[in-house]
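The block underneath contains the structure these notes are about, expressed in structure tokens.
Below, chain A is the first sequence line, B the second, and so on; all start at residue 1.
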2 protein chains.
Amino acid sequence: MRSYGQYCGLARALDVVGERWTLLIVRELLDGPRRYGQLLEGLPGIPSNLLVDRLRRMEESGVVGRLDDGRYRLSPWGQGLHEAVYALGRWAGPLMAKPRGRDAFRSNWMRHMVIARFEGVDSRRRDLVVELRTGDDPLTLISAAGRVHLHQGPVADPDVVLAGPPESVVGLLLGRISQAEALGAGVHVTGRARLLAGLRPRGEAV
Amino acid sequence: MRSYGQYCGLARALDVVGERWTLLIVRELLDGPRRYGQLLEGLPGIPSNLLVDRLRRMEESGVVGRLDDGRYRLSPWGQGLHEAVYALGRWAGPLMAKPRGRDAFRSNWMRHMVIARFEGVDSRRRDLVVELRTGDDPLTLISAAGRVHLHQGPVADPDVVLAGPPESVVGLLLGRISQAEALGAGVHVTGRARLLAGLRPRGEAV
DNA sequence: CTGCATCCGGGCCGATACTG
DNA sequence: CAGTATCGGCCCGGATGCAG
């Protein structure tokens, strides 16, 4: 990518990670080291030549390194993109309510979306276990002692189970839509959805 | 910009602000409403047709609005990009040490760079007034009661004055380089530079 | 003079085919 | 599985035109 040629933190950051697809590759690598094929799988739509090109550049700039087994992983500096990636994801909150028919979906993206809204400790947060079923793998949200953890797969005896299309399950979980709207959008609720308000997610940007 | 077609917060954010120049336009508008000509001035290198194109798209997506006098400004939602922009700017810290000869420079960019490292309250932060002279306008950093404010222009009787090239003045201020290195790079120091350590900037990512 | 609009060459992107 | 190669088209960059 052509440099912006500006002595400014944002401009220099974008010189390195501003190209198309680059931050999405970072998103995938935030989950840990990944093989080339796993990255292709996790980035539907990316042409294979672009994926290679981006990985090469990210290696050169020191954002990405490789393990002995060939897997790609973020450098410590690259891991520092966590804050920026999550800040952008949170900012997009208002865009997430509208389903857009043909969008691809992966359950680890949902994990990030949910974690981004529940980072940090909130002493007034209620203890709760919520199972999220949408598409492939179920995901379980565990709120305890003011913190929220996410667990891949189901756990025994959740307090609430939400099943249905991603944007509505997430919408109900984060309080973007009402229970009535969620039901109308095909969400199947088991347990008392009213308890969800006790999770106290971070507010949307607008 | 072509959509990534992914139901993911980051991907939808980048669908809106991921195009080249868009986040730099946001950076300029974070300083308040701006005229078209001011934006051109603050974005050296941008072609005029791209600036117009980006502004139109940002209006459509609701990131930017216009005042009665024609000036562009961020919507409340657009203002929410502050966190992401600053997170990216902080992440670029390690890139800022190296000067890159021909980079453009504006003093409001330096304001952002400095503010990004001193956001929030730190009760162990020492009270201090530092004048930064680099290029055009002087800038004064005022640390008081654990908070840091920046003031355009000089104030009477600063504790420390740093004058010289931007990357070295900022480098010394943020503790990226030693006083000896700064002097070698042409920084002129008045007052006791040792006091700068008491400002306790946020650490670099790596 | 400000605030754009138009035009054009080149480079980046996207899709697919191919190889070790 | 992990990339290479190729090619059409779109986006970007630089220059210029032009109306209020």
- Query: Going through the distances and angles, do A:Glu119 and A:Arg90 end up as a salt bridge (Lys or Arg N to Asp or Glu O under 4.0 Å)?
  - Reply: CA-CA 11 Å; A:Glu119 282 187 323; A:Arg90 275 191 296 269; 3.2 Å; yes
- Message: Could you go through A:Glu59 and A:Arg57, starting from their C-alpha distance and side-chain angles, then the distance that decides it, and tell me whether this counts as salt bridge (Lys or Arg N to Asp or Glu O under 4.0 Å)?
- Response: CA-CA 5 Å; A:Glu59 280 188 70; A:Arg57 290 179 193 266; over 6 Å; no
- Task: Before giving the answer on salt bridge (Lys or Arg N to Asp or Glu O under 4.0 Å), spell out for A:Glu28 and A:Arg106 the whole-Å C-alpha distance, their side-chain angles and the decisive distance to 0.1 Å.
- Result: CA-CA 11 Å; A:Glu28 293 301 305; A:Arg106 299 285 133 86; over 6 Å; no
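Using a 4.0 Å heavy-atom distance criterion, B:Arg56 is classed as a sugar-phosphate-only contact.
In this structure a side-chain-to-backbone donor-acceptor pair under 3.5 Å is missing from B:Thr140 to B:Glu131. In this structure, A:Arg125 contributes its side chain and A:Val148 its backbone to no donor-acceptor pair below 3.5 Å.
Over its length, the helix from C:dC1-D:dG20 to C:dG20-D:dC1 turns its helix axis by 30°, as judged from the five terminal pairs at each end, rounded to 10°.
Taking atom CD on B:Glu59 and atom P on C:dG3, their separation rounds to 14 Å, with Å as the unit. What separates CG of B:Asp69 from C1' of D:dG20 is a distance of 17 Å, to the nearest Å.
Using the six-membered ring where Trp is involved, B:Trp21 and A:Tyr4 have ring planes that are perpendicular, over 60° apart on the 30 and 60° scheme.
If you check the side chains of B:Arg27 and A:Gln6, you find a donor sitting under 3.5 Å from an acceptor.
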- Query: Where along nucleotides 6-20 of chain C does protein come under 4.0 Å, by heavy atom, of base (B) or sugar-phosphate alone (S), with - for untouched nucleotides?
  - Reply: BB-----SBBBB---
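A cation-pi contact links B:Arg66 to B:Tyr72, judged by a cut-off of 6.0 Å to the six-membered ring centre and 45° from its axis.
Taken residue by residue, residues 33-43 of chain A places heavy atoms nearer than 4.0 Å to DNA chain D at A:Arg35, A:Tyr36, A:Gly37.
In the displayed structure, B:Arg202 atom CZ is contacted under 6.0 Å by more than 12 heavy atoms of other residues, nucleotides or ligands.
Between A:Asp15 and B:Arg100 there is a salt bridge, with a side-chain nitrogen of the basic residue lying less than 4.0 Å from a carboxylate oxygen of the acidic one.
For D:dG3, one of the phosphate oxygens OP1 or OP2 lies less than 4.0 angstrom from a side-chain nitrogen or oxygen of A:Tyr72.
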